Novice: 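Below is the structure I would like to discuss, written out as structure tokens.
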Amino acid sequence: MNYTELSEQELIRRQALEEIRKMGIDPYPAALFEVNTSIEEIRKNFSPERNNFQEVRLAGRIMSRRIMGSASFSEIQDATGRIQLYIRREDICPPDNTALYDTLFKKLLDIGDIIGISGFAFITKTGELSIHVKELKLLAKSLRPLPIVKEKDGKVFDAFTDPEQRYRQRYVDLIVNPHVRDVFVRRTRLINSMREFLNRRGYLEVETPILQPLYGGAAARPFKTYHNTLEQTLYLRIANELYLKRLIVGGFDGVYEFSKDFRNEGMDRFHNPEFTQIELYVAYKDYLWMMDLVEEMIEKVAIDLHGTTQVQVGEHLIDFKRPWKRITMYEAIKEKTGIDIGEMDENQLREVTRKLNIETDETMGKGKLIDAIFGELIEPYLIQPTFIMDYPIEMSPLAKKHRSKPGLVERFEAICNGKELCNAFSELNDPIDQRARFEDQLQLGKRGDQEAMVLDEDFLRALEYGMPPTAGLGIGIDRLTMIMTNQPSIQDVLFFPQMRPEKKAVADPVEKYTEAGIPEAWVPVLQKMGFVQVSMLKNLNPNKLHQDLCGYNKKNKLSLPNPKPEEVKEWIGKIK
RNA sequence: CGGUCCGUAGCUCAGCUGGUAGAGCACGUGACUCUUAAUCAUGGGGUCCAGGGUUCGAAUCCCUGCGGACCGACCA
């Protein structure tokens, strides 16, 4: 670590660290500090009448300090909340040595440090629940200043809101923005709620490969990787559908998996390259049955998270109470546009998209054209949860043909807040038909559709052994979380959303500078000026650099002997 | 991939039509035994994202790049 890169405040904290060590205090002690309650417990259950919580032990991070001579108030934050501490010199120090208060607490501790305390709960004159501290122990020194967020009467001052910093340094975001923590806690409760629902029905949670020799089960471009020993290209899964169906063939009645899937496509507030889906397959069921399950499960999730079926999402109040509206895709399009596309061929559909001003291209087949109409005119306007049923066969190569409507498949999506919430169908279990559908996809691929599915021979072999009639379901967990926690962006429901890498040059060691003849004394100056690598000096104008160095020397009163212009020129000349 | 906007102290942000870089919080020093955006006094802190150009002079104007946000395109 090069000290010239540190800010003034970071240097002060490092000096404090040394002072603490000199006092004989370990700033990162190994011994366990025993805690016997949490801030939330105290907040919930303290009552002055019962005089409880009189011997509490807490640990947490210092979030504010108000020092008034020999007494101070401070706030600490643990995983459950924040509470005020009341610290007096005479309480934590022996009479003959006040160093613990006057030096350690007042001078050497900072906002961000992690401490353990023991003491008793009480209410201050101004009515604030606090802990009167009897004992204080440093558990970990913090070397970087935190963003300071203050709050009064619910108004937040100097909020830490820069999205880039929040996402890149999520740990800081979580420390200073308590509502962020809450979103992620609810995300986990959402997953637990679904898991509980499915387990209660006796379905088996399973794990299937993430590295797949063929990617299948969805329409998307994959990430590609390579296994050295096998000398084989592998893909990160875009879905796990085909593996879960193999398990249904194998005789499981109901299997599900919360799976991280990977799609090598654009990023925006609804798409992250890696995301989470749950997929569920249940034997001897159909898509109508699955609709009932979806309603019941999502309604339960809403109640588990909010205590009600109604959830505020942006400006909309969304009600997940059963039953949801059910309408076929063609009916929905007809309802909106007055056009019945039921009997149309590809050319007629192309004509309709032209009339409706919907952009298309030549690679789009019948299925994609219908999807374009739906996606443009219907989906964004469906706010309350709605089932859209019976999709064209061309866009659903893994779904079973409709029992009575030719050209359609038994598939539904639930749309909510203008976006797809889930996708489900009666699974295609006719191996001959499945092979034909894959071959149609190959044709689309040849036309230039980069997302067309590839043919999976092993999956077809499994189907040929016989798969029971099966209902399948996929739900995007990130998007469901966005709705259930009222977050506008997928980045707000992922701890570590994908970002471009931070670019920061690693500083060269001093020797690399001295090799070029640069005196050691000037190295920190050059680094402070931004030339953290010797190679950065390469094509510089020597006269300008000379001027800058002398100027820096003077301005900062370093009183270093100024180099001669020729010397500077020589340094630069030596750099390869 | 296209359009719009943004990048100044640890944090939040000012900085006009170019002329010596500002505030609040945070930090240092001092005062203060019930404060709470604590208060009072005082002090320090900046490659103004990077590189180039225009200019006597650039945080400011122009170009390029990097990073980010939003909207669209693509995409479940």
Side-chain angles (χ1 to χ4, degrees), chain A residues 4-13 15-16 63-75 82 84-91 101 107 110-112 122-128 130 132 143-153 155-168 172 176 218-221 238-239 261 263-271 273 275 277 359 361 368 371 374-375 379 395 413 415 419-423 450-451 474-476 478-479 488-489 491 499-505 525-532 536 539-540 548 552 555:
Chain A
T4 57
E5 290 171 22
L6 297 176
S7 70
E8 184 193 26
Q9 292 194 40
E10 287 173 295
L11 287 170
I12 287 166
R13 287 185 179 222
Q15 283 158 16
M63 297 305 289
S64 73
R65 304 199 310 151
R66 292 181 286 278
I67 294 171
M68 304 166 303
S70 61
S72 297
F73 289 95
S74 180
E75 281 172 302
R82 244 184 227 206
Q84 179 172 266
L85 303 179
Y86 181 51
I87 303 167
R88 294 193 309 185
R89 180 195 289 149
E90 62 197 53
D91 293 327
Y101 182 82
K107 301 281 184 201
D110 288 290
I111 290 173
F122 75 110
I123 309 275
T124 64
K125 279 182 192 164
T126 47
E128 171 116 6
S130 306
H132 192 127
L143 296 181
R144 281 179 188 261
L146 281 172
I148 304 296
V149 181
K150 297 211 173 187
E151 197 219 298
K152 186 182 186 175
D153 303 331
K155 251 188 285 179
V156 177
F157 297 82
D158 300 330
F160 180 65
T161 54
D162 177 30
E164 179 174 4
Q165 292 200 72
R166 285 187 47 224
Y167 301 148
R168 284 197 198 281
V172 174
V176 303
R221 276 136 67 193
I238 59 173
D261 293 342
R263 298 190 182 174
N264 205 341
E265 287 167 346
M267 290 162 58
D268 58 33
R269 71 191 182 94
F270 292 103
H271 299 85
F275 64 103
Q277 283 200 97
E359 265 186 66
D361 66 66
K368 284 219 161 193
D371 195 33
F374 181 76
E379 194 176 58
M395 55 195 286
E413 291 190 356
I415 313 291
K419 282 273 166 188
E420 173 199 340
L421 196 71
C422 78
N423 183 15
Q450 290 191 301
E451 305 180 330
I475 300 178
D478 311 289
R479 299 222 182 138
S489 162
Q491 295 170 305
M499 303 280 277
R500 280 199 172 78
E502 276 180 283
K503 283 205 182 113
K504 207 182 171 204
V525 176
L526 286 165
Q527 293 198 333
K528 185 84 185 171
M529 287 167 76
F531 305 111
V532 296
M536 290 172 156
N539 293 319
L540 249 44
D548 287 349
Y552 192 95
K555 190 186 166 200

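We name chains A, B, ... by the order of the sequence lines, and we start the count at 1 in each one. Just so you know, these numbers come straight off a predicted model, no measurement behind them.
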Novice: Please give the distance between the C1' atoms of B:A58 and B:G18 as a whole number of Å.
Specialist: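 Their C1' atoms lie roughly 6 Å apart.
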
Novice: Starting at atom CD of A:E10, determine the distance to atom C1' of B:C11, rounded to an integer number of angstrom.
Specialist: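 Whole-Å distance recorded here is 13 Å.
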
Novice: Starting at atom CZ of A:F157, determine the distance to atom C1' of B:U12, rounded to an integer number of angstrom.
Specialist: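 It works out to 12 Å between those atoms.
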
Novice: Which value, in whole Å, describes the distance between the P atoms of nucleotides B:G3 and B:G65?
Specialist: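 Pairwise P distance, B:G3 against B:G65, rounds to 11 Å.
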
Novice: How long is the line joining CE of A:M68 and P of B:C34, in whole Å?
Specialist: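 Spelled out: CE on A:M68 to P on B:C34 is 5 Å.
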
Novice: Could you state the atom-to-atom distance from CZ of A:F122 to P of B:U35 in whole Å?
Specialist: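 Atom-to-atom, A:F122 to B:U35, this comes out as 11 Å.
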
Novice: If I pick the C1' atom on B:C61 and the same atom on B:G15, what distance separates them, to the nearest angstrom?
Specialist: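 16 Å, rounded to whole Å.
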
Novice: What is the separation between atom CD on A:E164 and atom C1' on B:U12, rounded to the nearest whole Å?
Specialist: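 After rounding, the gap between these two atoms is 16 Å.
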
Novice: Classify A:E420 by what it touches in the nucleic acid, base, sugar-phosphate, or nothing, heavy-atom distance under 4.0 Å.
Specialist: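 The answer is base, as A:E420 lies within the cut-off (heavy atoms under 4.0 Å) of a base atom.
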
Novice: Let me know the distance between CD of A:Q165 and C1' of B:C13, rounded to the nearest Å.
Specialist: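 Computing the A:Q165:CD to B:C13:C1' distance gives 13 Å.
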
Novice: When all nucleic acid strands are considered with a 4.0 Å heavy-atom cut-off, which category describes A:Q277: base, sugar-phosphate, or nothing?
Specialist: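 A:Q277: no heavy atom of the nucleic acid under 4.0 Å.
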
Novice: Say you pick atom P in B:A38 and the same atom in B:G28; how far apart are they, in whole Å?
Specialist: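 Result for the P pair: 16 Å, nearest Å.
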
Novice: Can you name the residues that form a ring-ring contact (aromatic ring centres under 6.0 Å, His included) with A:Y101, not counting sequence neighbours?
Specialist: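 ring-ring contact (aromatic ring centres under 6.0 Å, His included) check on A:Y101 returns A:F105.
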
Novice: Taking only residues two or more places apart in sequence or in another chain, which ones pass salt bridge (charged side-chain N to carboxylate O under 4.0 Å, His left out) with A:D478?
Specialist: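 Residues passing salt bridge (charged side-chain N to carboxylate O under 4.0 Å, His left out) with A:D478: A:R187.
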
Novice: If I pick the P atom on B:U64 and the same atom on B:C27, what distance separates them, to the nearest angstrom?
Specialist: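 One P to the other, the span is 43 Å.
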
Novice: With a 4.0 Å cut-off on heavy atoms, is A:R89 in touch with a base, just the backbone sugar-phosphate, or nothing at all?
Specialist: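 Here A:R89 touches no strand at all.
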
Novice: Using the C1' atom on both, measure B:C32 against B:C16 and round to a whole Å.
Specialist: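 To the nearest whole Å, 43 Å.
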
Novice: For B:G68, take OP1 and OP2 only and decide whether either is under 4.0 Å from a side-chain N or O of A:Q491.
Specialist: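 Answer no for this pair, as no side-chain N or O of A:Q491 is under 4.0 Å from OP1 or OP2.
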
Novice: Within the 4.0 Å heavy-atom criterion, would you say A:A159 contacts the bases, only the backbone, or no part of the nucleic acid?
Specialist: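 Counting heavy atoms under 4.0 Å across all strands, the contact made by A:A159 is with sugar-phosphate only.
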
Novice: Run the numbers on A:Q491 and A:R269 for side-chain contact (heavy atoms from CB on, under 4.5 Å), then give the verdict.
Specialist: CA-CA 7 Å; A:Q491 295 170 305; A:R269 71 191 182 94; 5.8 Å; no

Novice: Using atom NZ of A:K125 as one end and atom P of B:U33 as the other, report the distance to the nearest whole Å.
Specialist: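 Spelled out: NZ on A:K125 to P on B:U33 is 13 Å.
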
Novice: Taking 4.0 Å as the cut-off, does a side-chain nitrogen or oxygen of A:R66 come that near to OP1 or OP2 on B:A38?
Specialist: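 Checking A:R66 against B:A38: at least one side-chain N or O falls below 4.0 Å of OP1 or OP2.
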
Novice: Among B:U12, B:A69, B:A37, which is the nearest nucleotide to the side chain of A:K152?
Specialist: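 The answer is B:A37.
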
Novice: Tell me the interatomic distance from A:D162, atom CG, to B:G10, atom C1', rounded to whole angstroms.
Specialist: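 It works out to 14 Å between those atoms.
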
Novice: Consider the side chain of A:I67, meaning its heavy atoms from C-beta on, and name the nucleotide among B:C32, B:A38, B:C34 that approaches it most closely.
Specialist: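 Nearest listed nucleotide: B:C32.
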
Novice: Is the shortest heavy-atom distance from the side chain of A:E164 to the side chain of A:M499 under 4.5 Å?
Specialist: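 SC-SC contact between A:E164 and A:M499 confirmed.
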
Novice: Nearest to the side chain of A:E128, which nucleotide is it out of B:U35, B:G67, B:A69?
Specialist: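 Nearest to the side-chain atoms of A:E128, counting from C-beta on, is B:U35.
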
Novice: Would you say the side-chain atoms of A:D268 pair up with the backbone N or O of A:F270, donor to acceptor, closer than 3.5 Å?
Specialist: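 Yes.
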
Novice: Please classify the nucleic acid contact of A:F270 as base, sugar-phosphate, or nothing, using heavy-atom distances under 4.0 Å.
Specialist: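 If one applies the 4.0 Å heavy-atom cut-off, A:F270 turns out to touch nothing in the nucleic acid.
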
Novice: Counting only Watson-Crick or G-U wobble pairs whose two distances fall under 3.5 Å, which nucleotide matches B:G45?
Specialist: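 In the structure as shown, B:G45 has no Watson-Crick or wobble partner.
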
Novice: Under a 3.5 Å limit for both distances, which nucleotide forms a Watson-Crick or G-U wobble pair with B:A50, could you say?
Specialist: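 Pair assignment: B:A50 / B:U64.
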
Novice: On RNA chain B, compare the nucleotides closest to A:M499 and A:R221; which residue's is nearer the 5' end?
Specialist: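 Between the two, 5'-proximity favours A:M499.
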
Novice: Strictly by Watson-Crick or wobble contacts shorter than 3.5 Å, is anything paired with B:C56, and which nucleotide is it?
Specialist: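 Check on B:C56: paired to B:G19, both distances under 3.5 Å.
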
Novice: Does a nitrogen or oxygen in the side chain of A:R88 sit under 4.0 Å from OP1 or OP2 of B:C34?
Specialist: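 It does not, given that no N or O in the side chain of A:R88 lies less than 4.0 Å from OP1 or OP2 of B:C34.
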
Novice: Could you tell me how far B:C40 sits from B:A26 if I compare only their P atoms? Round to whole Å.
Specialist: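 About 11 Å, rounded to a whole number of Å.
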
Novice: Taking N and O atoms by type only, does the side chain of A:Q84 place a donor or acceptor under 3.5 Å from a partner on the base of B:U35?
Specialist: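 Present.
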
Novice: Taking pairing as Watson-Crick or G-U wobble with both contacts under 3.5 Å, can you name the mate of B:G24, or confirm there isn't one?
Specialist: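 Pairing partner, where one exists within any strand: B:C11.
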
Novice: Contact between A:I148 and A:D158 at the side-chain level, heavy atoms closer than 4.5 Å - yes or no?
Specialist: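 Not touching, per the 4.5 Å side-chain cut-off.
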
Novice: On a whole-Å scale, what distance lies between the P atoms belonging to B:G7 and B:C62?
Specialist: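 Straight-line distance between the two P atoms is 13 Å.
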
Novice: Apply side-chain contact (heavy atoms from CB on, under 4.5 Å) to the pair A:E379 and A:E420, showing each step before the final yes or no.
Specialist: CA-CA 8 Å; A:E379 194 176 58; A:E420 173 199 340; 4.1 Å; yes

Novice: Is the A:Y86 ring parallel, tilted or perpendicular to the A:F122 ring (thresholds 30°, 60°)?
Specialist: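 Ring orientation of A:Y86 relative to A:F122: tilted.
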
Novice: A:T124 has a side chain; which of B:C34, B:A69, B:C32 sits nearest to it?
Specialist: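 Among B:C34, B:A69, B:C32, the one nearest the side chain of A:T124 is B:C34.
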
Novice: Taking N or O atoms only and anything under 3.5 Å, show me the protein contacts with nucleotides 23-29 of chain B, one pair per line.
Specialist:
from	atom 1	to	atom 2	distance (Å)
B:G24	N2	A:D158	OD2	3.3
B:C25	O3'	A:K150	NZ	3.1
B:A26	OP1	A:K150	NZ	3.1
B:A26	N3	A:Q9	NE2	2.9
B:C27	O4'	A:Q9	OE1	3.4

